[in-house]
Amino acid sequence: MTDKKFMLLLQLQQHIDAELLSLQKSVDSAAEAATHPEAKPENKYDTRGLEASYLAGAQKERVGELKAALQLLKNTTLRVFAETDRIGPTALVELEQDGQLSLCFLMAWGAGYALVWDERPVLTITPQSPLGQALIGKTQGDTALVKTAAGQREYEILAVY
């Protein structure tokens, strides 16, 4: 099981690597736009260069966040959960909600990434998300309740890996 979860972790790292590469290209473009001779203000109301500079700064900050997250993921120790163990970080959880099966991978960082495990889709969640909050501390066989804008959803915890 640890090998399969390790593959999920590698997939998550690959997603972040790809995001970093794309974002770095955007940072470079924004920085170039901010310093390009055509970005020089034509009058006191022309803020193109200033706006490009702000964009480059924000993107550079995001690059730093992603690099830190990638380092965190590289240092993550995966845990194999027994049937009676409480759900915590690195748990792969199989859920059933209204007849629909789903898998989620609870990570300290990296919510919303789509991964694949045994040809099944897996969504990454964090303990800060509503579903993550509902799952923390639960065990296989428990029910997790999540409040949404559409009402309360009930998830049955089928398995924890």
Side-chain angles (χ1 to χ4, degrees), residues 1-42 45-81 85 87-97 100-136 144 146 148-150 153 155 157-161:
M1 181 54 62
T2 304
D3 290 344
K4 289 183 180 184
K5 285 174 66 173
F6 182 72
M7 295 309 291
L8 287 174
L9 189 60
L10 284 179
Q11 286 179 52
L12 182 54
Q13 290 173 7
Q14 289 168 351
H15 278 285
I16 294 169
D17 277 335
E19 196 174 334
L20 264 170
L21 182 62
S22 174
L23 190 57
Q24 189 60 56
K25 288 179 184 178
S26 294
V27 167
D28 295 343
S29 294
E32 183 180 323
T35 58
H36 196 277
E38 288 181 11
K40 184 178 179 181
E42 295 175 5
Y45 302 107
D46 187 355
T47 61
R48 287 177 292 179
L50 182 61
E51 290 169 4
S53 173
Y54 286 151
L55 177 61
Q59 289 175 331
K60 189 173 183 178
E61 187 176 312
R62 177 71 176 147
V63 165
E65 290 171 3
L66 287 174
K67 285 181 178 180
L70 195 55
Q71 190 60 45
L72 174 72
L73 292 173
K74 288 180 179 181
N75 293 324
T76 296
T77 301
L78 295 172
R79 179 177 159 205
V80 177
F81 291 78
D85 287 345
I87 295 172
T90 76
L92 177 61
V93 184
E94 185 169 19
L95 303 169
E96 187 269 325
Q97 194 256 332
Q100 295 289 100
L101 298 179
S102 62
L103 287 167
C104 58
F105 192 31
L106 186 64
M107 297 298 295
W109 191 94
Y113 289 92
L115 310 176
V116 178
W117 182 72
D118 280 349
E119 299 181 18
R120 293 181 58 195
V122 176
L123 181 66
T124 58
I125 62 171
T126 63
Q128 295 78 24
S129 70
L131 181 56
Q133 288 176 7
L135 291 175
I136 291 287
V146 179
T148 69
R153 292 193 175 175
Y155 295 86
I157 301 168
L158 301 178
V160 181
Y161 307 100

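This is a predicted model, so every value here is computed, not measured.
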- Message: Out of the candidates F81, W117, F105, only one should pair with Y161 under the ring pair (Phe, Tyr, Trp, His ring centres under 6.0 Å) rule; please name it.
- Response: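 Single pass found, and it is W117.
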
- Note on the structure: Applying side chain to side chain donor-acceptor pair (under 3.5 Å) to Q133 and not counting sequence neighbours gives none

- Message: For Y113, give me all partners under ring-ring contact (aromatic ring centres under 6.0 Å, His included), at least two apart in sequence or on another chain.
- Response: H15

- Message: Once rounded to the nearest 0.5 Å, what's the spacing between atom CG of L95 and atom CZ of R153?
- Response: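 Interatomic distance, L95 CG to R153 CZ, rounded to 0.5 Å: 12.0 Å.
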
- Message: Once rounded to the nearest 0.5 Å, what's the spacing between atom CD of E61 and atom CG of L66?
- Response: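 If I round to the nearest 0.5 Å, the distance is 11.0 Å.
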
Is the shortest side-chain heavy-atom distance between [X] and [Y] below 4.5 Å?
X    : Y    : result
L73  : L9   : yes
L135 : V160 : no
L131 : L123 : no
L106 : T90  : no

Qualifying residues under side chain to side chain contact (heavy atoms under 4.5 Å, CB included), relative to [X], sequence neighbours excluded:
X    : value
P130 : V146
A69  : W109
V116 : Q11
E96  : L101, E156, L158

- Residues in salt bridge (charged side-chain N to carboxylate O under 4.0 Å, His left out) with D85, at least two apart?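 Testing D85 for salt bridge (charged side-chain N to carboxylate O under 4.0 Å, His left out), a comparison that skips the adjacent residues, returns R79.
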
- Item | Under the salt bridge (charged side-chain N to carboxylate O under 4.0 Å, His left out) test, residues paired with E19 that sit two or more places apart | R62

- Item | Atom of M107, atom of T76 and distance for their closest heavy-atom approach |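 Between these two residues, the closest heavy atoms are CE-CG2, 4.1 Å.
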
- Name all pairs fulfilling the side-chain hydrogen bond (donor to acceptor under 3.5 Å, both in side chains) condition that reach into residues 118-127, sequence neighbours left out, sorted by first residue then second. K4-D118, E94-R120, T126-Q128

